[in-house]
Amino acid sequence: MRGEPYATTHCPAYGARVNPSTNPTPRWLLYGATGYTGVLIAEEAVRRGHKPVLAGRSRQKLAPLASRLGLDSVAVGLDDMRGLVSALEGLPLVVHAAGPFVHTSEPMVQACLAAGAHYLDITGEIPVFENTFRHDAEAKRRGVVLMSGVGFDVVPTDCLARYVADKVPGAHELELAIASTSPPSAGTVKSMLEGLPAGNLVRRGGQLQPWPMGQGVRRVRFSDKERTVVPIPWGDLATAWHSTGIPNITTYLAQPAAVAHALRFTFPAFRRLVAVEAVREQLAKLVEARVQGPDETLRQRSRSQVWAEARAPDGRRAEAVLETPEAYAFTARATVRAVEEVLAGARRGAFTPAQALGADFVLSVEGVRRMDLPT
């Protein structure tokens with residue numbers, strides 16, 4: 001950022017694992033390990049000294065990755081509850097990286113509750129967050145942590161939401177915006193396709209409400225420049241409500257101005273199209289065949305940004321931004337850090353990342369800095 005005009009907080013040193021003396025080689029289950037993001041998480045885990053057991057449906061896909069990384073693997077489907085519980089025997093935690101999570105999360109949550117294992121996932125899907133929260137009482141009884149959204153969805157936004165909310169006690173409005181230039185992976189696109197029929201959403205008076213796509217376009221100042229942003233149904237419509245208690249929440253995505261304003265005309269027809277299940281299935285097959293996600297060069301060079309503002313009825317407000325590594329690179333790093341924190345003894349129950357780990361957790365992820373904007 002030119003000239004460092006804002007108060008800046010950098011991440012602390014990104015060094016040893018949490019409690020390395022008591023758990024020198026953490027072992028846990030990584031389900032969906034052969035997907036685009038699963039591979040990145042597996043590689044980051046090994047870099048950090050972990051020994052996750054790689055899991056998924058296909059033994060043929062798992063074997064080469066397990067051999068390359070020197071890890072154990074187990075092939076088991078999500079429709080095999082007995083097999084999932086057996087795979088978890090002796091393992092304290094699962095990272096679930098197989099989407100779309102609206103279809104895959106609940107079986108793994110049930111397996112974790114049955115086995116007494118912690119559950120973490122990398123979803124950004126609002127129905128999945130709400131479902132995870134519904135298991136809070138049982139998670140407490142079982143003595144486990146259930147935490148959805150430990151990647152770019154939603155660690156940066158959740159932590160920044162909590163940060164600005166803590167600065168404005170009694171805030172009644174929260175706005176969050178994301179700017180990322182990375183192309184999505186196949187898994188991300190398929191999850192988006194599953195959520196499109198539900199349409200756009202905001203939170204008003206504590207309740208999720210429909211919102212016309214393309215309405216509410218505005219400009220937001222990130223750390224480098226102003227960008228046009230448009231409201232979208234980001235996961236924080238669920239998580240920020242739990243993390244902050246703020247009743248009115250809008251989440252935005254940075255888009256070229258022409259695209260943002262055109263959405264009100266183009267989105268309704270596309271939404272009707274993808275509401276047909278057969279159409280979604282065909283589009284998902286096309287995505288699987290053609291969408292690759294960002295390559296290593298882009299993951300290393302690209303940066304993502306998050307902006308947040310909390311406002312109170314009396315005019316008090318706080319505004320801040322985060323700069324993070326590229327979204328998928330961030331997800332791998334944040335997921336392994338969340339594993340370390342949970343294994344170190346996070347409180348039990350269903351939580352958002354900021355609830356369980358605090359607003360500053362994001363600063364423990366390599367390559368992150370936070371800036372307070374002048375109000």
Side-chain angles (χ1 to χ4, degrees), residues 1-11 149 152-181 201-206 211 215-255 257 260 303-325 327 330 334 352-355 357-365 367-375:
M1 186 175 61
R2 297 184 183 89
E4 298 284 357
Y6 309 132
T8 304
T9 306
H10 294 268
C11 68
F152 192 79
D153 301 7
V154 292
V155 167
T157 43
D158 192 42
C159 288
L160 197 62
R162 181 68 175 266
Y163 178 74
V164 296
D166 287 346
K167 288 178 171 290
V168 188
H172 74 307
E173 289 187 85
L174 173 68
E175 293 187 307
L176 299 159
I178 305 105
S180 177
T181 58
L201 297 168
V202 296
R203 188 174 287 275
R204 296 291 184 265
W211 187 263
Q215 181 173 309
V217 175
R218 57 164 295 183
R219 299 281 287 177
V220 162
R221 53 175 176 169
F222 291 88
S223 63
D224 56 349
K225 64 180 182 181
E226 278 198 349
R227 290 179 169 88
T228 299
V229 298
V230 60
I232 62 161
W234 197 256
D236 289 87
L237 294 176
T239 54
W241 167 238
H242 287 266
S243 299
T244 71
I246 296 176
N248 303 300
I249 303 171
T250 308
T251 54
Y252 299 87
L253 179 67
Q255 290 286 292
R303 300 282 289 173
S304 299
Q305 296 193 51
V306 176
W307 166 89
E309 183 180 54
R311 296 187 297 272
D314 60 6
R316 289 176 298 115
R317 65 187 183 94
E319 189 177 359
V321 295
L322 278 176
E323 288 184 356
T324 80
F330 177 92
T352 76
Q355 277 184 312
L357 308 177
D360 288 346
F361 168 69
V362 68
L363 299 180
S364 74
V365 179
V368 173
R369 64 175 182 171
R370 185 175 64 207
M371 291 146 278
D372 291 301
L373 301 184
T375 53

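Keep in mind that this is a model prediction, so the values were computed, not measured. All values below come from the heavy atoms of this structure, side chains included, with hydrogens, waters and symmetry mates left out.
Not one N or O on the side chain of Arg369 forms a donor-acceptor pair closer than 3.5 Å with the backbone of Leu363. Judged by distance alone, with hydrogens and angles left aside, the side-chain atoms of Arg316 form no donor-acceptor pair with the main-chain N or O of Val168 at under 3.5 Å. Of the possible donor and acceptor atoms, none in the side chain of Glu323 sits under 3.5 Å from a partner among the backbone N and O of Ser223.
Judged as a side-chain contact (heavy atoms from CB on, under 4.5 Å), and not counting sequence neighbours, the contacts of Gln255 are Val230, Leu253, Val259, Ala260. Shown here are the side-chain contact (heavy atoms from CB on, under 4.5 Å) partners of Ala320, two or more places apart in sequence or in another chain: Leu160, Tyr163, Val164, Asp372. Applying the side-chain contact (heavy atoms from CB on, under 4.5 Å) criterion to Ala179, with sequence neighbours excluded, gives Phe222, Arg227, Ala254, Gln305.
In summary, of the residues considered (Val306, Asp360, Thr324), a side-chain contact (heavy atoms from CB on, under 4.5 Å) with Arg370 occurs for Asp360 alone. Screening Val202, Thr239, Leu201, Leu174 for a side-chain contact (heavy atoms from CB on, under 4.5 Å) with Ile249, the sole residue that qualifies is Leu174. Screening Arg311, Glu309, Arg204 against Glu173 for a side-chain contact (heavy atoms from CB on, under 4.5 Å) leaves a single residue, Arg311.
Closest approach of Trp307 to Arg221, counting heavy atoms only: CD1-O, 3.4 Å. Here the shortest heavy-atom pairing between Pro247 and Ala171 reads CD-O, 4.1 Å. The two atoms that bring Ala308 and Leu176 nearest to each other are CB-CD2, 3.4 Å, heavy atoms only. Between Trp211 and Pro231, the closest heavy-atom pair is NE1-CG, 3.9 Å. Residues His172 and Asn248 approach most closely at O-ND2, 2.8 Å, considering heavy atoms. Taking both residues in full, the closest heavy atoms of Pro325 and Val368 are given as CD-CG2, 3.9 Å, listed atom of the first, atom of the second, then distance.
Here the side chains of Asp166 and Arg162 are in contact, with some heavy-atom distance below 4.5 Å. Contact of the Ser304 side chain with the Phe152 side chain is registered, since non-hydrogen atoms from C-beta on lie closer than 4.5 Å. Under the 4.5 Å side-chain criterion, counting only non-hydrogen atoms from C-beta, Asp153 is in contact with Trp234.
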### Message
Please evaluate residues Thr251 and Asp236 with respect to the criterion side-chain hydrogen bond (donor to acceptor under 3.5 Å, both in side chains), reporting the C-alpha separation (whole Å), side-chain torsions for both, the decisive distance (0.1 Å), and the verdict.
### Response
CA-CA 7 Å; Thr251 54; Asp236 289 87; over 6 Å; no
### Task
Check the pair Thr352 / Val154 against side chain to side chain contact (heavy atoms under 4.5 Å, CB included), numbers first and verdict last.
CA-CA 8 Å; Thr352 76; Val154 292; 5.7 Å; no
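Atom NZ of Lys167 and atom CD of Glu319 lie 12.5 Å apart (nearest 0.5 Å).
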